[in-house]
Amino acid sequence: MKTALITGATSGIGKSTAIRFAVEGFRLILCGRREDRLEQLQKELAVETEVHILTFDVRNRQEVDKQISSLPADFKTIDILVNNAGNAHGLDPIQSGNVDDWDAMLDINVKGLLYVSRAIIPGMLERQSGHIINIGSTAGKEVYPNGNVYCASKHAVDAINQGMRIDLNGNGIRVGAINPGLVQTEFSEVRFKGDTEKAEKVYQGFKALQPEDIADIIHFTVTRPYHVNIADLTVMPTAQASSTIIDKK
Ligand code: NDP
Ligand code: 8X3
């Protein structure tokens, strides 16, 4: 039985991936800040598989290290790491952007991903096996108006994904990124700081990707034969051609 650690498992893509992995028989370590949601999900998935939960903020390096090193013996061997935790905070021109939003995006989407990876990679190196999936974005492939720092954080994920693959080459560890376009999750609610009306508008007039669609791709990625590494995959809704070209009816 393979063990997968998923960051950002309390919602959206991470939660759907947890559910899919549970059904497919993976042992799970689910991470996030909202403990109540993690406990609820652990309860729901207990009929399918063994689930261990870790509650921490990926920004807190000491906490990341402490939580990951505290894993019980049955969960210590992490075969798959899904670096998913992250969000956009705000959608403002660079000249009037909120500096706290910038800090949040760079600290969570970039540094948080690094802290978690740094804590897990040594075990993979020891075993000369493992699979790291980095959740990037189309925002890591192009820049759109007012996306500035979020796009920068996802361009960094793109670079880190490439860097990990290069540096870990020869150690039996697969590294790849999944870069989604618009996925209907709590993402826009977080970006617009709880303004649900504004958030809903983002997904109106077309069929957005659903978190289950990304979970399906992540599952496909981790179930390829060992010699196959999905290095970099971009997926958009059929109605989307780029970050700014969306066929809304
Ligand atoms: P959600 O808002 O639904 O989920 C975000 C997850 O990240 C939550 O589980 C949240 O958990 C976790 N998270 C956020 N901040 C922290 C933190 N500081 N410490 C620990 N966990 C944190 O959004 P999505 O599912 O859409 O986003 C998941 C990933 O997908 C992100 O990296 C996002 O950038 C990326 N993405 C999303 C797209 C979209 O259109 N939705 C498109 C392309 C990429 P909690 O709050 O409990 O800590
Ligand atoms: C999320 C997709 O277009 O809002 O990464 O940046 S987008």
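Worth knowing before you read on, the calculation uses all heavy atoms, side chains too, and leaves out hydrogens, waters and symmetry mates. Atoms within a ligand are numbered from 1 in the order they appear, just like the ligands themselves.
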What's the shortest distance from [atom] to any protein heavy atom, and which residue and atom give it?
atom	answer
atom 46 (O) of ligand 1	Arg33 NH2, 2.9 Å
atom 33 (C) of ligand 1	Tyr150 OH, 3.7 Å
atom 7 (S) of ligand 2	Tyr144 OH, 3.6 Å
atom 41 (N) of ligand 1	Val183 O, 3.0 Å
atom 25 (O) of ligand 1	Ile13 N, 2.9 Å
atom 7 (O) of ligand 1	Gly86 N, 3.4 Å
atom 24 (P) of ligand 1	Thr185 OG1, 3.4 Å
atom 8 (C) of ligand 1	Thr10 OG1, 3.4 Å
atom 31 (C) of ligand 1	Asn84 O, 3.2 Å

Check if [X] has a non-hydrogen atom at a distance under 4.0 Å from any atom of ligand 1.
X	result
Asn87	yes
Ala139	no
Gln184	no

Cut-off 3.5 Å, side chains only: do Ser117 and Asn83 have a donor facing an acceptor? yes
With the threshold set at 4.0 Å, does a side-chain nitrogen-carboxylate oxygen contact exist between Lys141 and Asp232? yes
Decide, yes or no, whether a salt bridge links Arg34 with Glu186 under the criterion of side-chain N to carboxylate O below 4.0 Å. yes
Can you confirm whether [X] sits close enough to [Y] that some side-chain heavy atom of one is under 4.5 Å from a side-chain heavy atom of the other?
X	Y	result
Leu81	Met124	yes
Asn109	Tyr150	yes
Val190	His89	yes
Glu50	Phe75	yes
Val58	Leu113	no
Arg174	Tyr226	yes
Ile214	Ser16	no

So does [X] have more than 12 non-hydrogen atoms from other groups sitting under 6.0 Å from [atom1]?
X	atom1	answer
Gln128	CD	yes
Lys248	NZ	yes
Glu39	CD	yes

Report yes or no: does Arg191 have a heavy atom closer than 4.0 Å to ligand 2? yes
For ligand 1, indicate whether the residue [X] contacts it via side chain, backbone, both or neither (heavy-atom separation under 4.0 Å).
X	value
Ile108	side chain
Glu189	neither
Ala9	backbone

Looking at [X], which atoms of ligand 1 are within less than 4.0 Å of one of its heavy atoms?
X	answer
Gly12	3 (O), 25 (O)
Leu182	40 (O)
Gly136	43 (C), 44 (C)
Glu186	2 (O), 3 (O)

Quick check: Gly8 and ligand 1, any N/O pair under 3.5 Å apart? yes
Please confirm whether Lys154 comes within less than 3.5 Å of ligand 1 when only nitrogen or oxygen atoms on both sides are compared. yes
Would you check if the distance from the ring center of Phe56 to the ring center of Tyr115 is below 6.0 Å? no
Residue among Ile29, Leu28, Ile80, Thr77 satisfying side-chain contact (heavy atoms from CB on, under 4.5 Å) with Thr3: Ile29
Winner among [options] once heavy atoms are compared against [atom]:
atom	options	result
atom 37 (C) of ligand 1	Phe56, Tyr203, Phe187	Phe187
atom 38 (C) of ligand 1	Gly32, Ala208, Gly181	Gly181
atom 35 (C) of ligand 1	Ile135, Thr234, Asn109, Ile214	Ile135

At less than 4.0 angstrom from any non-hydrogen atom of Ala139, what atoms of ligand 2 do you find? 6 (O)
Counting from 1 in the order shown, the ligand 2 atoms closer than 4.0 Å to a non-hydrogen atom of Ser137 are 1 (C), 2 (C), 5 (O)
Measuring from Ile120:CD1 to Ile173:CD1, what's the distance to the nearest 0.5 Å? 11.5 Å
Min N/O separation Tyr150 to ligand 2 under 3.5 Å: yes
